[in-house]
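Just so you know, ligand 1 is whichever comes first in the structure, and atom 1 is the first atom listed for that ligand. Please read these numbers as outputs of a predicted model, since none were measured by experiment.
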Amino acid sequence: MPASPIYKRVLLKLSGEALMGDDAFGINRATIERIVADIAEVVQLGTQLAVVIGGGNIFRGVAGGAAGMDRATADYMGMLGTMINALALQDAMRQTGIEARVQSALRMDQVAEPYIRPRAIHHLKAGKVVIFAAGTGNPFFTTDTAAALRGAEIGAEVVLKATRVDGVYSADPKRAPTASRYAMIRFDEAIQRNLQVMDATAFALCRDQKLPVRVFSINKTGALKRIMDGQDEGTLIHL
Ligand SMILES: Nc1ncnc2c1ncn2[C@@H]1O[C@H](COP(=O)(O)OP(=O)(O)OP(=O)(O)O)[C@@H](O)[C@H]1O
Ligand SMILES: O=c1ccn([C@@H]2O[C@H](COP(=O)(O)O)[C@@H](O)[C@H]2O)c(=O)[nH]1
């Protein structure tokens, strides 16, 4: 008999760049299948799982064209990019036998349900994964902030930020190879130190809503399950 998961309802923030694998941009099939296999493990435990998907992998492919554009227009392009990822993720989940619904913060009625909070909660209670697309629906925000917002709205116990780094470091580990990883850090310290792993708006919203965040590497197979088992994985950001 498997141990019961430590969380009943979680918000998983999946970085768009995580879907690229080793490619320069876009969606790497093997990578998305591996991520979905990890997700399937925790869904099978009975955890209610909602996902906010990023768009960095799509936006990177159009970044040249977006250079010099009006910021709000470029942001809407970014939000549309998250919808591409959401549909790919939903399809990969369906192929694994996971039932998933995409809800979009921007109206796209032919493609996905609009975001309706009670409906999202209804899906979660029915054991479906809900994928939130199009971020907050507003320019000048990020999908990290969308994760904080939706996480608070659905009453998630934690935001799990799955990314390409294995936690929060004293400086960006891509630029500072000697940076050290925190096992735990308070929101106030992360904001004060301007740690860029999440944007300050997302940090502040999670702090104000008393919603802890765990940053972990999506490239470590089984990490999501280990978090559900209560094992130490990545970095916990707390009050
Ligand atoms: N102090 C830090 N600790 C850890 N990572 C950091 C830190 N500062 C900056 N980073 C960077 O933050 C990034 C984590 O964000 P992530 O890759 O999830 O991007 P995102 O903007 O949230 O998602 P997307 O790929 O969808 O745009 C890592 O690539 C890492 O290099
Ligand atoms: O609420 C939001 C969320 C996202 N955007 C735009 O989309 C891209 C991609 O999102 P990431 O969080 O970087 O994955 C982002 O750069 C913004 O341009 C947005 O405007 N509003």
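Of all heavy-atom pairs spanning Ala146 and Gly135, the tightest one is CB-C, 3.5 Å. A pairwise comparison of heavy atoms in Ala74 and Met69 identifies N-CE, 3.8 Å as the closest pair. The two residues Phe132 and Ala50 have their closest heavy-atom pair at CE1-CB, 3.7 Å. Between Asp229 and Ile6, the shortest heavy-atom distance links the atoms C-CG2, 4.2 Å.
Using modelled atom types, no side-chain atom of Asn28 and backbone atom of Leu19 make a donor-acceptor pair closer than 3.5 Å. Looking only at distances, a side-chain donor or acceptor of Gln90 sits under 3.5 Å from a matching main-chain atom of Ala100.
In this structure, ligand 1 sits under 4.0 Å from heavy atoms belonging to Lys13, Ser15, Gly16, Glu17, Gly54, Gly55, Gly56, Asp144, Lys161, Thr163, Val165, Gly167, Val168, Tyr169, Ala171, Asp172, Pro173, Lys174, Leu195, Gln196, Val197. Protein neighbours of ligand 2 below 4.0 Å, counting non-hydrogen atoms: Gly54, Gly55, Gly56, Asp75, Gly78, Met79, Gly135, Thr136, Asn138, Pro139, Phe140, Phe141, Thr142, Thr143.
Among Asp144, Asp166, Asp199, the one residue that satisfies the salt bridge (Lys or Arg N to Asp or Glu O under 4.0 Å) test with Lys161 is Asp144.
At least one test fails for Arg226 against the ring of Phe216: distance under 6.0 Å to the centre or angle within 45° of the axis.
Rounding to the nearest 0.5 Å places CD1 of Ile27 at 4.5 Å from CD1 of Ile58.
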